[in-house]
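Once you've had a glance at the structure underneath, I'll fire off some questions.
The figures that follow rest on heavy atoms only: side chains count, while hydrogens, waters and symmetry mates do not. Whatever order the structure lists ligands and atoms in, that order sets their numbers, starting from 1.
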Amino acid sequence: MTQSYDIIVVGAGIVGAACAMECARGGLRTLVLDRGTVGGGTTAAGMGHLVVMDDSEAQFALTSFSRKLWREMRPQLPREVEFDATGTLWVAADDEEMAEVARKQKFYEERGVGVEVLNAQAVAKAEPNLRPGLAGGLRVPDDGVVYPPCGAQYFLEQAEKAGAELRTRVSVKTLLPEGGVELADGSRISAGRSVSATGPWSPELTPGLPVRKRKGHLVITERDPGFVHHQIVELGYLKSAHSAGKESVAFNIQPRITGQMLIGSSRQFDVETSAVDQHILNRMLQRAFAYLPGLKRLSAIRVWTGHRAATPDQLPLIGPSLVSEKIWLATGHEGLGITTSLGTGRLLADMLLGRQSEIDAAPFSPARFAKEVLAHE
Ligand SMILES: Cc1cc2nc3c(=O)[nH]c(=O)nc-3n(C[C@H](O)[C@H](O)[C@H](O)COP(=O)(O)OP(=O)(O)OC[C@H]3O[C@@H](n4cnc5c(N)ncnc54)[C@H](O)[C@@H]3O)c2cc1C
């Protein structure tokens, strides 16, 4: 056994980086290990939309708390993190989706989140490149956009300033029930506890964990500054994100600070390969063209895929695992891990340090899946 730490964070994606920053700032001797590079996993594939969501009270609590932490951090963020206060524009195609606008408005306003309902004319004025004839929309002005890998890099720099150590290109083979980890080369590093922040790969280190890979495609275009101004999401997106079916697509577009447009997104369960699937990519682009016909004249510069870490109830796993008190989890963030990284790090450190948390951590406890995990053993 080599040197001892209070905590070893496995995974230097944005979630592990936020956990390390919060742990180190809380005075814990922290080591971060990643078999790749900082932010090189799902974090490099994600879209970077910072968004308050309302699928459940717990999801709302974590996303709104996390968005608040991002906004507080904004003045310190370096340029490379590309924080852009675009807001979100949820667009409604018809009256049925306008009813969803009204529901969302009520939900957010009752909980103190600023929103603005737009009628058909106001949507057309806000985003002139949208196709004519949309019913309206909901603007959430305090949502934003970041560039995730540089976010992870910044959090880790803050962790290192607070005394944390980072080692990349180090693969962890086992999380030890007595604390610490065993590396792929057989050596061991001792620690009070380990935290698996290994995203879609987390079941490799904690077998039986109810985390499934959910593949997504993204396309980035050439530059056309001002083509859209908001992160625009179709309200049909909610149906897609909730669908338990094997594959779905929904229109979602983001203006980057570079003037490029980032177009999403697709969802496919149980597809291990990272190869681009032409059929699903075509479906995704046709959906985007239906909302923004002018997109057809922009060239696509790059297409890529990533795997979200999906849990059965669309909430992450944050806290001690069922395997051992010494093995903790910070995973299962599906399509919201960029947004919720900061809230996750704060909750995890609060639990480890015995501090009072600003939001209730209970809905994210891995213990809620006790039956599934025990059935696997
Ligand atoms: C197409 C797409 C679009 C998305 N859009 C958004 C969005 O707009 N907004 C949003 O909030 N979220 C979005 N997400 C989700 C977001 O990207 C993820 O939730 C987030 O990046 C997860 O971060 P992480 O740190 O948990 O995982 P990762 O970034 O995957 O990091 C896990 C790390 O663990 C390391 N690792 C794994 N196993 C081991 C091991 N045995 N030993 C050592 N290291 C190991 C890996 O190398 C990796 O670096 C999107 C995701 C996808 C795929």
Where does L218 meet ligand 1, judged by heavy-atom distances below 4.0 Å: at the side chain, the backbone, both, or neither?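 Only the side chain of L218 comes within reach of ligand 1.
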Item to complete: For G335, take its heavy atoms, then give the atoms of ligand 1 lying under 4.0 Å from any of them.
Response: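 Contacts of ligand 1 toward G335, numbered from 1: 6 (C), 7 (C), 9 (N), 10 (C), 11 (O), 12 (N), 13 (C), 14 (N), 15 (C).
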ask   = Is any NZ, NE, NH1 or NH2 atom of the basic residue among R111 and D54 found under 4.0 Å from an Asp or Glu carboxylate oxygen of the other?
value =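 Not counted as a salt bridge, because no side-chain N and carboxylate O are separated by less than 4.0 Å.
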Margin query: Under a 3.5 Å cutoff, is there a donor and acceptor pairing between the side chains of H49 and Q254?
Written below: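 Absent: no donor and acceptor within the cut-off.
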Counting heavy atoms only, which part of E334 comes closer than 4.0 Å to ligand 1: side chain, backbone, both or neither?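 It is the backbone that touches ligand 1; the side chain stays farther off.
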Taking only heavy atoms of V170 into account, list the atoms of ligand 1 that are under 4.0 Å away from them.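 Every atom of ligand 1 under 4.0 Å from some heavy atom of V170: 43 (C).
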Of R139, E109, K106, K104, which is the lone residue that meets side-chain contact (heavy atoms from CB on, under 4.5 Å) with V115?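 That would be E109; it is the only one of R139, E109, K106, K104 passing the side-chain contact (heavy atoms from CB on, under 4.5 Å) with V115.
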Original post:
Applying side-chain hydrogen bond (donor to acceptor under 3.5 Å, both in side chains), which residue pairs with at least one partner in residues 336-346 are found, sequence neighbours left out?
Top reply: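 Applying side-chain hydrogen bond (donor to acceptor under 3.5 Å, both in side chains) to every pair that reaches into residues 336-346, excluding sequence neighbours, yields E22-R346, H333-T344.
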| query | Could an N or O of ligand 1 be found under 3.5 Å from any N or O of V172, whether backbone or side chain? | reply |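 Yes, there is a polar N/O contact under 3.5 Å.
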| said: Can you name the atoms of ligand 1, numbered from 1 with element, that are less than 4.0 Å from a heavy atom of T43? | reply: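 Heavy-atom distances to T43 below 4.0 Å select 21 (O), 23 (O), 25 (O), 28 (P), 29 (O).
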For ligand 1, does T305 get within less than 4.0 Å through its side chain, its backbone, both, or neither, judged by non-hydrogen atoms?
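T305 to ligand 1: no contact under 4.0 Å from either part.
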Task: Options Q231, R35, M47, ranked by nearest heavy atom to atom 6 (C) of ligand 1, top entry - done: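 That would be M47.
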**Item:** Structural part of S341 in contact with ligand 1, heavy atom criterion under 4.0 angstrom
**Value:**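 It is neither; nothing of S341 touches ligand 1.
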ask   = Could you state the interatomic distance from OG (S321) to CG (L205), rounded to the nearest 0.5 Å?
value =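 Nearest 0.5 Å value for the OG-CG distance: 11.0 Å.
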Backbone or side chain, does any N or O of P200 fall under 3.5 Å from an N or O of ligand 1?
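No; every N/O pair is 3.5 Å or more apart.
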Exercise for the section: Please identify which atoms of ligand 1 are closer than 4.0 Å to at least one heavy atom of G306. Expected result: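 Numbered from 1, ligand 1 contributes 53 (C).
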Next on the checklist: Taking distance alone, with N or O pairs closer than 3.5 Å, would you say H49 contacts ligand 1?
Outcome noted: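 Between H49 and ligand 1, an N or O pair is found under 3.5 Å apart.
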Would you please name every residue forming a side chain to side chain donor-acceptor pair (under 3.5 Å) with T86, sequence neighbours left out?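 By the side chain to side chain donor-acceptor pair (under 3.5 Å) rule, T86 matches no residue at all.
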Please report whether ligand 1 has a polar contact with T340, defined as an N or O pair separated by less than 3.5 Å (distance criterion only).
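N/O-N/O distance under 3.5 Å: no.
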field: Candidate pair F364 and W328, rule ring pair (Phe, Tyr, Trp, His ring centres under 6.0 Å), full reasoning
entry: CA-CA 12 Å; F364 314 109; W328 285 46; over 10 Å; no
Salt bridge or not for E178 and K326, using N-O below 4.0 Å?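 No, no charged N to carboxylate O under 4.0 Å.
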